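Presented below is the structure to which this report refers.
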Amino acid sequence: MDFLIEAMSWFHKGGPVMYLLILSSLVVVTILVERFVYYRKMDLDVAGFSEYIVSGFQNKEYEAIYQSCSVSAKPAHKIVIAAFDAQKMGRNITTAMESSAQLAVAHLRKGLSILSTVVTLSPLFGLLGTVVGMIQSFSVFSLESGQPMAITGGVGEALIATATGLSVAVLALLGHSYFSYRLDGFITDLEQIAGEVEKNLPNVTDEKGVNHEAA
């Protein structure tokens with residue numbers, strides 16, 4: 001309880017800008033949690049899946065591959081389905097897989113631009129709060145009235161906004177860096193899977209399993 005009281009006291013000392021910073025922090029935390037859950041859901045054992053589809057192509061198990069991939073929302077599975085569908089329709093499978101991969105990457109990148117914006121914006125909010133607090137401190141500063149410590153106390157309180165803004169920015173930056181790293185990993189995995197499909201699927205162009213069974 002004492003901690004909450006102290007936190008509320010510091011919050012009020014930071015000024016009105018603290019409301020913007022609290023809102024920014026809530027946005028950051030929401031995005032981090034949502035992205036973490038989504039990335040875990042989309043994660044895949046790429047080595048195992050790559051081995052599975054290569055083995056399936058070699059054994060002409062096209063229907064089994066198609067069916068197992070069609071029930072999944074994972075990006076790697078979707079590009080395999082896109083390749084099968086393109087092969088069936090007589091379209092370029094590379095182009096189809098690229099389109100599917102781009103759509104998957106767009107979903108994976110969702111929210112990262114907001115984190116990037118908060119990294120830049122939250123320190124500016126904090127600086128604004130500090131400047132406003134210093135202006136207020138100078139307005140009450142008066143040596144004649146015997147208040148030489150008023151300005152130092154006011155500046156100390158104003159710096160709360162800057163410290164909060166920097167804290168929010170650090171959290172957003174760490175989250176953005178982590179998910180950007182994960183995104184690069186997803187892109188590499190998709191390229192690996194697409195390469196395996198592209199190498200093996202053309203070898204079965206005339207097979208009934210590709211043109212008909214995968215439908």
Side-chain angles (χ1 to χ4, degrees), residues 1-50 69 72-80 82 97-134 155-195:
M1 182 63 69
D2 291 339
F3 173 77
L4 292 177
I5 295 175
E6 185 68 18
M8 290 300 297
S9 175
W10 283 98
F11 177 83
H12 290 298
K13 289 177 180 179
V17 172
M18 294 294 289
Y19 289 98
L20 294 176
L21 291 173
I22 289 297
L23 178 61
S24 298
S25 66
L26 291 176
V27 170
V28 169
V29 171
T30 300
I31 293 175
L32 294 182
V33 172
E34 189 275 334
R35 287 291 87 185
F36 181 78
V37 173
Y38 183 76
Y39 274 45
R40 286 198 63 180
K41 185 178 179 181
M42 295 296 107
D43 206 1
L44 178 70
D45 176 13
V46 177
F49 182 66
S50 178
C69 291
S72 173
K74 297 181 185 295
H77 293 164
K78 284 185 173 294
I79 66 172
V80 174
M97 287 191 294
E98 287 178 351
S99 298
S100 179
Q102 289 173 358
L103 182 60
V105 170
H107 286 299
L108 290 166
R109 189 176 284 122
K110 181 181 177 182
L112 298 189
S113 60
I114 298 178
L115 291 179
S116 180
T117 300
V118 173
V119 169
T120 303
L121 195 58
S122 57
L124 296 179
F125 282 151
L127 181 60
L128 175 62
T130 297
V131 171
V132 171
M134 292 180 68
V155 170
E157 294 179 0
L159 290 175
I160 295 173
T162 296
T164 305
L166 291 175
S167 299
V168 175
V170 168
L171 178 63
L173 179 59
L174 290 175
H176 184 273
S177 298
Y178 171 74
F179 288 115
S180 294
Y181 169 77
R182 291 291 306 277
L183 178 60
D184 290 339
F186 273 108
I187 293 174
T188 300
D189 294 343
L190 292 178
E191 290 175 347
Q192 179 182 338
I193 296 299

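Please read all numbers here as calculations on a predicted model, not as lab measurements.
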When rounded to the nearest 0.5 angstrom, what distance separates CE in M18 from OG1 in T164? 3.5 Å

Here the gap from L159 atom CG to L166 atom CG, rounded to the nearest 0.5 Å, amounts to 10.0 Å

Straight-line distance of I187 CD1 to Q192 CD, nearest 0.5 Å: 14.0 Å

Using every non-hydrogen atom in the two residues, find where V119 and P123 come nearest and quote the distance to one decimal. O-CD, 3.1 Å

Can you tell me how far apart OG (S99) and CD1 (I79) are? Round to the nearest 0.5 Å. 11.5 Å

Please determine whether side chain to side chain contact (heavy atoms under 4.5 Å, CB included) holds for the pair F49 and V80, giving the CA-CA distance in whole Å, both sets of side-chain angles, and the decisive distance to 0.1 Å. CA-CA 11 Å; F49 182 66; V80 174; 3.9 Å; yes

Closest approach of R35 and R109, non-hydrogen atoms and distance? NH1-N, 4.4 Å

Measure across G129 and A161 and return the closest heavy-atom pair with its distance rounded to 0.1 Å. CA-CB, 3.9 Å

Using the side-chain hydrogen bond (donor to acceptor under 3.5 Å, both in side chains) criterion, which residues pair with S72? Sequence neighbours excluded. H77

Donor-acceptor contact below 3.5 Å, side chain K78 vs main chain C69: no

Identify, with sequence neighbours excluded, every residue that meets ring pair (Phe, Tyr, Trp, His ring centres under 6.0 Å) alongside Y39. F179, F186

Kindly determine whether Y38 and L108 satisfy side chain to side chain contact (heavy atoms under 4.5 Å, CB included), including the steps that lead there. CA-CA 8 Å; Y38 183 76; L108 290 166; 3.7 Å; yes

Partners meeting salt bridge (Lys or Arg N to Asp or Glu O under 4.0 Å) with D43 (sequence neighbours left out): R182

Where the side chain of S116 meets the backbone of L112, is there a donor-acceptor pair that is under 3.5 Å apart? no

To check you understand the geometry: which heavy-atom pair defines the closest contact between T162 and G126, and what is its length? OG1-O, 3.3 Å

Measure from the side-chain N and O atoms of T30 to the backbone N and O of L26, and report whether any donor-acceptor pair falls under 3.5 Å. yes

For a 4.5 angstrom cut-off between non-hydrogen side-chain atoms, does L173 reach S177? yes

Close side-chain approach of L32 and L174, heavy atoms under 4.5 Å: no

Quick one: pull up CD in E34 and NZ in K110 and give me the separation to the nearest 0.5 Å. 6.0 Å

Please check: side-chain N/O of S25 versus main-chain N/O of I22, any donor-acceptor pairing under 3.5 Å? yes

Under 3.5 Å, is there a donor-acceptor pair linking the side chains of S24 and S122? no

Nearest-0.5 Å distance, CG of residue L190 to CG of residue L44: 9.0 Å

